[in-house]
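Step one of this worksheet: look at the structure below.
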2 protein chains.
Amino acid sequence: MGTTQLESVPEPKYWHLKTVLNDALDSEFEVGEILPNERDLAARFGVARATLRQALEQLELEGRLQRRRGVGTTVAPPRMGVAVGPSANSWPGARDAWETVGCVEAVAPAAIAALLGTGPDEAVHTIRRARVMRGQPVAAELLYVPPASVPGLPADLSPAAHAPAVLRELHALELEGEDRAVELGSARADDAKQLDRLPGAPVLVVTSRYYTGGRVAAASVSTYRADTCRLTFGDAGAFEVTHHQQDTRQAS
Amino acid sequence: MGTTQLESVPEPKYWHLKTVLNDALDSEFEVGEILPNERDLAARFGVARATLRQALEQLELEGRLQRRRGVGTTVAPPRMGVAVGPSANSWPGARDAWETVGCVEAVAPAAIAALLGTGPDEAVHTIRRARVMRGQPVAAELLYVPPASVPGLPADLSPAAHAPAVLRELHALELEGEDRAVELGSARADDAKQLDRLPGAPVLVVTSRYYTGGRVAAASVSTYRADTCRLTFGDAGAFEVTHHQQDTRQAS
DNA sequence: GAGTGGTCTAGACCACTGA
DNA sequence: CAGTGGTCTAGACCACTCA
């Protein structure tokens, strides 16, 4: 008789552990409930703590768990649907969900200068903004506006008046189009602090360009928490899904 | 005299290591070049292999490195810009970048049924597709079409004729709108195989809904490799950036 | 100060690739 | 077959939160 080889490629312990924990989260825990600590969990499953942590890390990446140092591991609520790029084109700062937290005029990094089509050593208005949903920070943004886009800007602005004035001048232009790109990144120290996460936390980086007169009038780099956010696009309204993304996928 | 406390919060070794490696990749390595193996690198930096791996994992997450078991670690090319959701609405399968690799009629998972508005035990056409760019797989997709959306579909189709017939019937409808959501996930075993990655690899999951007559006529879940792809949206063409995303961000 | 998650070590063995 | 990255262990100490 032959050997019963159910798994020609035996799955790693942490992968199996992740499946078991994922099912347990669905059936035995409520949103916000706190899990046993990592040392107890590892002992319960008979694995080393590092192996358990590998499973927890994946579940946190998928938005199922939330871990906070000094506190514990809790069951995360479903991801929030965050609207990005509404159907009606509009300038940043015009009736949007962001709040300005700072503004400086400084030389942008080379990649931003390439995006804007400005010279490598040219100073641009740099507005830092924050986005909050349901009382928690979901995104940090740097919005870049070349001086050439806002020629009517008054001189000698106070720091408090700087950002509003730049946005006001920007809104006077006709917005002809915008495009966006989304990619995975890890939070820099400054963004991480603003997002209430540790540096290196996974984030979705949205790079936007705003066009007027065939030129790029402004560009922004928005950093969204990947664990708590689902970015929504399009003209048919935000998704109403209440399940997690992994539930929407199955083997074919 | 006071102590000189340069770092009130000393950064972790792996974080510093990541910065050093990132800089070295820019200045001392070419795209495609192979790095020293992990044991040598760890010894060179005077850290344990696990610590080095933590830095490499982040760099891979950011698309800077590519690691292949049995081969080695290579310097990754810049991420590819992949167009998602073109300006002109169009049905899936109509002049798009996807290739059908399979088709079955099966009961969709509950979350998909909710997306489609079908009953929980209703069978839907499920088309598996693949997307390839520059000779390498970038995305795997499951496209769901309820039978109610394609009433004219002939009966008793051969497996080979199934998917083309469903798409043909779908294209006869008027597409009134579409919306999309993007979130972070980890590759399931089947998708991972199709994407030439290990299970659990980070992916960008794009959920799309296609509307006709105020109803959802079809829905799809597309799984993009997060390490190699930058998803582009909007009407102004794909981005032309040649730098990596982390270069586009700086502290404010 | 007790308890949590975050970092780090120094090993070991396994699965896979390619010569 | 030798060499690579992937998994796993059993510890240790640190940074942080909160009572």
Side-chain angles (χ1 to χ4, degrees), chain A residues 5 7-19 21 33-61 64-76 186-187 189 192-193 196-202 227, chain B residues 5 7-19 21 33-61 64-76 186-187 189 192-193 196-202 227:
Chain A
Q5 190 169 13
E7 291 279 356
S8 67
V9 180
E11 64 183 2
K13 276 189 187 177
Y14 80 90
W15 186 257
H16 179 242
L17 204 49
K18 181 190 145 187
T19 308
L21 286 169
E33 194 173 345
I34 191 164
L35 267 62
N37 72 54
E38 295 183 349
R39 290 162 180 86
D40 286 352
L41 273 180
R44 180 176 314 187
F45 287 108
V47 299
R49 189 177 158 219
T51 303
L52 174 82
R53 280 181 58 83
Q54 211 169 342
L56 294 183
E57 263 149 39
Q58 283 230 345
L59 289 171
E60 190 179 31
L61 200 77
R64 296 283 282 153
L65 293 178
Q66 184 156 7
R67 298 193 288 174
R68 276 175 301 172
R69 173 156 52 177
V71 180
T73 302
T74 55
V75 181
S186 48
K193 190 169 186 179
D196 193 23
R197 299 250 52 196
L198 290 180
D227 55 342
Chain B
Q5 191 169 12
E7 291 279 357
S8 69
V9 180
E11 64 184 0
K13 276 189 189 178
Y14 80 90
W15 187 257
H16 179 241
L17 203 50
K18 180 189 145 188
T19 308
L21 286 168
E33 195 173 344
I34 190 165
L35 268 61
N37 72 55
E38 296 182 349
R39 289 162 181 86
D40 286 352
L41 273 180
R44 180 176 312 186
F45 288 107
V47 300
R49 189 177 158 219
T51 303
L52 174 82
R53 280 181 59 81
Q54 212 170 342
L56 294 183
E57 263 150 37
Q58 283 228 347
L59 289 171
E60 191 179 30
L61 200 78
R64 296 284 282 152
L65 292 178
Q66 183 157 8
R67 298 193 289 174
R68 275 175 302 172
R69 171 156 51 175
V71 180
T73 302
T74 54
V75 181
S186 49
K193 191 168 185 179
D196 193 24
R197 300 251 52 196
L198 290 179
D227 55 343

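Chain letters run A, B, ... following the sequence lines, proteins first and then strands; every chain starts at 1.
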field: Length of the line joining A:Glu57:CD and C:dG6:P, which is rounded to integer Å
entry: 8 Å
message: Nearest whole Å is fine: how far is D:dC18 P from A:Ile34 CD1?
response: 11 Å
field: side chain to side chain contact (heavy atoms under 4.5 Å, CB included) between A:Glu57 and A:Tyr14, intermediate numbers included
entry: CA-CA 10 Å; A:Glu57 263 149 39; A:Tyr14 80 90; over 6 Å; no
- line: By nearest-nucleotide position on DNA chain D, the 5'-leaning member of A:Arg68 and A:Pro12 is A:Pro12
field: Option from A:Leu59, A:Leu52, A:Leu56 for which side-chain contact (heavy atoms from CB on, under 4.5 Å) with A:Lys18 holds
entry: A:Leu59
query: Under a 4.0 Å heavy-atom cut-off, which of residues 47-56 of chain A touch DNA chain C?
result: A:Arg49, A:Arg53
- prompt: So which nucleotide from C:dG18, C:dT4, D:dT4 ends up closest to the side chain of A:Arg39?
  reply: C:dT4
query: Picking from D:dT7, C:dC8, C:dG5, which would you name as closest to the side chain of A:Arg69?
result: C:dG5
task: Work out which heavy atom in B:Leu21 is nearest to a heavy atom in B:Ala55; give both atom names and the distance.
output: CD1-CB, 4.3 Å
task: List for me each residue that meets side chain to side chain donor-acceptor pair (under 3.5 Å) alongside A:Glu38, sequence neighbours excluded, and say none if there are none.
output: A:Arg49, A:Arg53, A:Arg67
message: Closest approach to the side chain of A:Glu38, judged atom by atom: which nucleotide of C:dT7, C:dG6, D:dG5 is it?
response: C:dG6
message: Minimum heavy-atom separation for B:Ile34 and B:Gly72, please, with both atom names.
response: CD1-CA, 4.3 Å
- request: Measure the distance from CD on A:Gln66 to P on C:dG6 and round it to the nearest whole Å.
  value: 11 Å
- request: In whole angstrom, give the distance that lies between atom CD of A:Glu60 and atom C1' of C:dT4.
  value: 14 Å
Set of residues satisfying side chain to side chain donor-acceptor pair (under 3.5 Å) with respect to A:Arg197, sequence neighbours excluded: A:Glu60, A:Asp227
query: Between D:dC14 atom P and B:Tyr14 atom OH, what is the distance in whole Å?
result: 18 Å
Rounded distance in Å - CG (A:Leu59) to C1' (C:dG5): 16 Å
- request: Among C:dG18, C:dC8, D:dC8, find the nucleotide with the atom closest to the side chain of A:Lys13.
  value: D:dC8
- prompt: Given atom CG of B:Asn37 and atom C1' of C:dT17, what is their separation to the nearest angstrom?
  reply: 14 Å
Verdict with supporting geometry, A:Leu17 and A:Val47, side chain to side chain contact (heavy atoms under 4.5 Å, CB included): CA-CA 9 Å; A:Leu17 204 49; A:Val47 299; 4.0 Å; yes
- request: Round to a whole Å and report the spacing from CG of B:Leu41 to P of D:dG6.
  value: 13 Å
